[in-house]
Amino acid sequence: MVISIMNWKGGVGKTSSTINLGYSLARLGFKVLLIDLDPQENLSNTDKQNKERKHFITDCLQNKDLEIKPYRFKENLDICHMDGKKAYDRALVDLDSDKVDGLFRLGEKLEKGIINKYDFILLDTAPGFNMISRNALLASNYLLVPSELSQDSIDGAMKLQNEVNGVARFNPGLEILGMFIIRPKLRTIYQQSVKEYSDENFKGHMFSTKIRENIRIGESKTIGGAVLEYYPEATSARDYVVLTFEIMERLHEKGRLPGGKKSLDRAKKIEEELFKPVNR
Ligand SMILES: Nc1ncnc2c1ncn2[C@@H]1O[C@H](COP(=O)(O)OP(=O)(O)O)[C@@H](O)[C@H]1O
Ligand SMILES: [Mg+2]
């Protein structure tokens with residue numbers, strides 16, 4: 001199962017959601033791989049374990065023959081790093097020069113190589129669209145769209161919908177699994193009207209869980225990972241766990257949750273055990 005975390009706009013919680021959802025899924029017993037497809041390297045920089053890096057996802061995008069080689073990041077959680085803007089641009093040039101096959105390079109490499117080792121492969125993407133984000137779309141089964149309640153962010157998500165329609169003939173199975181709101185502040189009338197607009201335009205796609213504003217998200221990234229790992233009592237840690245369950249349930253309804261009902265029951269059991277001490 002490959003899921004892209006996307007929004008045309010930057011700063012809306014794509015990387016934070018990749019790390020936190022990935023960690024939550026790994027903690028609930030799934031095998032998870034995170035791939036950094038953003039030249040800003042925010043996801044890669046979160047990894048403080050693997051300081052010596054030889055394999056980068058950019059090399060695999062640039063070179064047709066190189067296999068994807070992930071690093072171990074945490075228990076059940078692997079990572080593929082980005083090698084900065086120059087490597088990203090080189091990969092883009094190479095993909096662009098191979099117009100048709102270039103669109104499928106990431107998908108084919110996942111498919112031929114490592115896809116069966118993981119329950120979830122999460123792709124953290126850069127804002128905007130180019131050959132690398134299209135590779136992500138063509139490699140994915142689903143999209144998750146984090147969004148803030150700002151007009152720009154919602155417009156970014158709408159542009160993404162157009163992009164999805166644009167690649168539909170190459171990847172007819174691709175679906176938007178859902179949109180979720182980051183940092184909701186419904187007190188202002190402006191945000192309320194944007195909320196109505198997004199509910200209207202993403203009908204059936206909105207998750208009910210919202211990720212509240214919480215400084216611990218940034219702090220945890222600086223330390224080296226998910227908020228749930230370092231501040232399990234933080235509001236955002238809870239929000240991401242609840243969102244993870246909502247995502248699992250939605251996949252299960254579609255008959256697409258890896259491991260099906262068994263893994264959902266296992267996840268609930270693990271969550272009960274882990275949450276107990278925090279509750280008391
Ligand atoms: N729920 C949140 N509360 C507070 N800060 C957040 C939250 N989510 C993300 N951030 C912060 O906002 C900034 C942008 O988030 P990030 O996940 O990097 O967005 P993107 O990947 O879409 O550019 C980061 O500094 C991050 O730490
Ligand atoms: Mg990012």
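Residues take their numbers from the sequence shown, with the count starting at 1. Indexing begins at 1, ligand by ligand and atom by atom, following the structure's order. FYI, side chains are in, hydrogens and waters are out, and symmetry mates aren't considered; it's all heavy atoms of this structure.
Between the side chains of Asn50 and Asp47, at least one donor-acceptor pair of N or O atoms lies under 3.5 Å. For Gln151 and Asp155, the side-chain atoms include at least one donor-acceptor pair closer than 3.5 Å. For the residue pair Tyr88/Asp83, the side-chain donor-acceptor check at 3.5 Å is not satisfied. Using modelled atom types and a 3.5 Å distance limit, the side chains of Ser236 and Asn214 yield a donor-acceptor pair.
Atoms of ligand 1 lying under 4.0 Å from at least one heavy atom of Val12, given by number and element, are 19 (O), 20 (P), 22 (O). Short contacts between ligand 1 and Gly11, defined as distances under 4.0 Å to a heavy atom of the residue, involve ligand atoms 14 (C), 19 (O), 20 (P), 22 (O), 23 (O). Taking a cut-off of under 4.0 Å to the non-hydrogen atoms of Gly218, the atoms of ligand 1 that pass are 27 (O).
Heavy atoms from other residues, nucleotides or ligands lying under 6.0 Å from NZ of Lys269 number 12 at most. Shown here is Lys117, whose NZ atom has no more than 12 heavy atoms of other residues, nucleotides or ligands within 6.0 Å.
In this structure, atom 25 (O) of ligand 1 is not in close contact with the protein, since no protein heavy atom lies within 4.0 Å of it.
The two residues Gly29 and Asp119 come nearest to each other via the heavy atoms O-OD2, 4.4 Å. The two atoms that bring Thr125 and Ala136 nearest to each other are CG2-CB, 4.0 Å, heavy atoms only.
Between the Ser44 side chain and the His81 main chain, no donor and acceptor come within less than 3.5 Å of each other. A donor-acceptor pair under 3.5 Å links the side-chain atoms of Arg105 to the main chain of Gln62, judged by distance alone.
Note: no N/O pair closer than 3.5 Å links Ile182 and ligand 1 by distance alone. Geometrically, ligand 1 and Asn214 share a nitrogen or oxygen pair separated by less than 3.5 Å. At under 3.5 Å, not a single nitrogen or oxygen of Ile215, backbone or side chain, sits near a nitrogen or oxygen of ligand 1.
The side chain of Lys221, and not its backbone, has at least one atom closer than 4.0 Å to an atom of ligand 1 (non-hydrogen atoms only; side chain from C-beta on).
Of all protein heavy atoms, the one lying nearest to atom 19 (O) of ligand 1 is Gly13 N, 3.0 Å. Here the heavy atom of the protein found nearest to atom 17 (O) of ligand 1 is Ser16 OG, 2.6 Å. For atom 2 (C) of ligand 1, the closest non-hydrogen atom of the protein is Ile217 CD1, 3.6 Å.
Follow the hydrophobic side-chain contacts under 4.5 Å out from Tyr23 and you reach Leu274 in the same cluster. Both Trp8 and Ile181 are members of a single hydrophobic cluster when ILVMFWY side chains are connected at heavy-atom separations under 4.5 Å.
Closest heavy-atom approach to atom 5 (N) of ligand 1 among the candidates Gln40, Arg183, Glu213, Lys14: Arg183. Taking all heavy atoms of Met6, Arg216, Arg212 into account, the minimum distance to atom 1 (N) of ligand 1 is reached by Arg212.
Annotation: protein N, O or S atoms under 2.8 Å of the Mg ion (ligand 2) (waters excluded) comprise Thr15 OG1.
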